[in-house]
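Being a predicted model, the structure only gives us computed values, none of them experimental. All values below come from the heavy atoms of this structure, side chains included, with hydrogens, waters and symmetry mates left out.
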Amino acid sequence: MLRPIIFAAMAALLVACASAPTYTPAATPNGAGYSEQQIESNRYFVTYRAAGSGDAALLQDYALLRAADLTLANNHDWFWVDRRNVENTAPNSGPSLGVGVGGGSFGSHSGVGASVGFNIPLGQGGARARSATLEIRFGEGPKPDDPNAYDARSTAASLRGRLGAPQ
């Protein structure tokens with residue numbers, strides 16, 4: 001009985017590690033990683049997409065890092081986030097109850113069974129998301145004193161250090 005539980009736990013851990021977000025460009029339009037779409041000369045949509053789902057705040061951080069890198073690549077000093085959009089998956093909402101009934105016949109014997117299951121979600125239970133998209137525009141000179149304005153150099157350095165993302 002203990003061996004299948006240990007095997008299931010190890011498999012879940014392996015899947016969790018394999019699906020951890022990384023800072024890489026998306027290989028396909030809807031693939032995991034970052035992508036951007038220019039909508040005006042100094043305006044972009046920047047998206048970071050997870051392979052399955054991931055922590056919404058983490059996906060937003062990866063999108064912010066890409067926005068900072070894109071700002072610097074276009075020779076600007078800061079960027080402004082006009083809109084934020086997080087495509088959420090259904091979060092764990094709480095306990096659930098399930099009922100099952102089944103029957104079978106084996107030669108001259110038959111039987112009926114019923115079961116009731118109760119589920120209590122464990123773990124973080126935080127917001128899960130598939131993607132985070134930012135609409136940004138570039139700026140030059142001193143950064144405005146506003147929470148929607150980000151200095152590209154300091155944002156990139158801070159997020160790279162926290163996320164362990166490559167240069």
Side-chain angles (χ1 to χ4, degrees), residues 4-74 76 78-98 100 117-139 143 146-167:
I5 293 171
I6 292 172
F7 179 74
M10 290 177 67
L13 183 62
L14 183 61
V15 168
C17 291
S19 62
T22 59
Y23 188 65
T24 58
T28 62
N30 290 320
Y34 62 79
S35 61
E36 64 271 338
Q37 178 183 6
Q38 186 172 7
I39 50 178
E40 289 181 359
S41 63
N42 72 332
R43 200 177 205 73
Y44 283 80
F45 285 126
V46 176
T47 300
Y48 186 86
R49 200 170 270 105
S53 67
D55 178 64
L58 181 63
L59 299 184
Q60 290 182 74
D61 283 349
Y62 277 110
L64 275 173
L65 177 55
R66 181 59 190 154
D69 285 348
L70 190 60
T71 302
L72 295 171
N74 282 280
H76 294 284
W78 54 271
F79 64 97
W80 183 284
V81 177
D82 285 322
R83 276 190 299 187
R84 300 167 192 262
N85 182 41
V86 176
E87 184 184 332
N88 289 318
T89 58
N92 290 338
S93 59
S96 62
L97 179 69
F118 185 71
N119 177 40
I120 300 174
L122 301 174
Q124 294 177 342
R128 306 298 288 167
R130 288 189 183 103
S131 67
T133 299
L134 308 174
E135 180 182 341
I136 66 163
R137 56 188 154 112
F138 303 135
K143 176 187 80 67
D146 188 283
N148 292 314
Y150 295 84
D151 178 87
R153 289 191 199 294
S154 64
T155 299
S158 173
L159 288 171
R160 265 202 176 76
R162 190 160 40 95
L163 299 172
Q167 290 290 340

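Every side-chain contact (heavy atoms from CB on, under 4.5 Å) that R162 has, sequence neighbours left out, goes to D61, L159. By the side-chain hydrogen bond (donor to acceptor under 3.5 Å, both in side chains) test, R43 is found to be paired with D82, E135, residues two or more places apart in sequence or in another chain being considered. With sequence neighbours left out, R49 forms a side-chain hydrogen bond (donor to acceptor under 3.5 Å, both in side chains) with no residue at all. Evaluation of the ring-ring contact (aromatic ring centres under 6.0 Å, His included) rule for Y44 yields F138 as partners, not counting sequence neighbours. Qualifying salt bridge (Lys or Arg N to Asp or Glu O under 4.0 Å) partners for R153, counting only residues two or more places apart in sequence or in other chains: none. Listed by chain and number, the residues in a side-chain hydrogen bond (donor to acceptor under 3.5 Å, both in side chains) with T47 are T133 (sequence neighbours excluded).
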Practice item. Could you check Y34 against Y48 for ring-ring contact (aromatic ring centres under 6.0 Å, His included), going step by step and ending with a plain yes or no? Key: CA-CA 4 Å; Y34 62 79; Y48 186 86; 7.3 Å; no

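Judged purely by atom type and a 3.5 angstrom limit, R160 uses its side chain to pair as donor or acceptor with the backbone of P166. Judged by distance alone, with hydrogens and angles left aside, the side-chain atoms of N74 form no donor-acceptor pair with the main-chain N or O of H76 at under 3.5 Å.
At least one side-chain heavy atom of Y23 sits under 4.5 Å from a side-chain heavy atom of D69. In this structure, the side chains of L64 and F79 come closer than 4.5 Å at one or more pairs of heavy atoms.
The CD1 atom of I136 lies 13.5 Å from the CH2 atom of W80; values are rounded to the nearest 0.5 Å. Atom-to-atom distance recorded for N148:CG and R84:CZ is 6.0 Å, nearest 0.5 angstrom.
The nearest pair of heavy atoms linking A56 to V86 is CB-CG1, 4.0 Å. Contact detail for L59 and S131: the closest heavy-atom pair is CD1-N, 3.9 Å. A pairwise comparison of heavy atoms in V46 and A63 identifies CG1-O, 3.5 Å as the closest pair. For the pair A165 and L65, the tightest heavy-atom approach, listed with the atom from each and the gap, is CB-CD2, 3.6 Å. The two residues A32 and A50 have their closest heavy-atom pair at CB-C, 4.0 Å.
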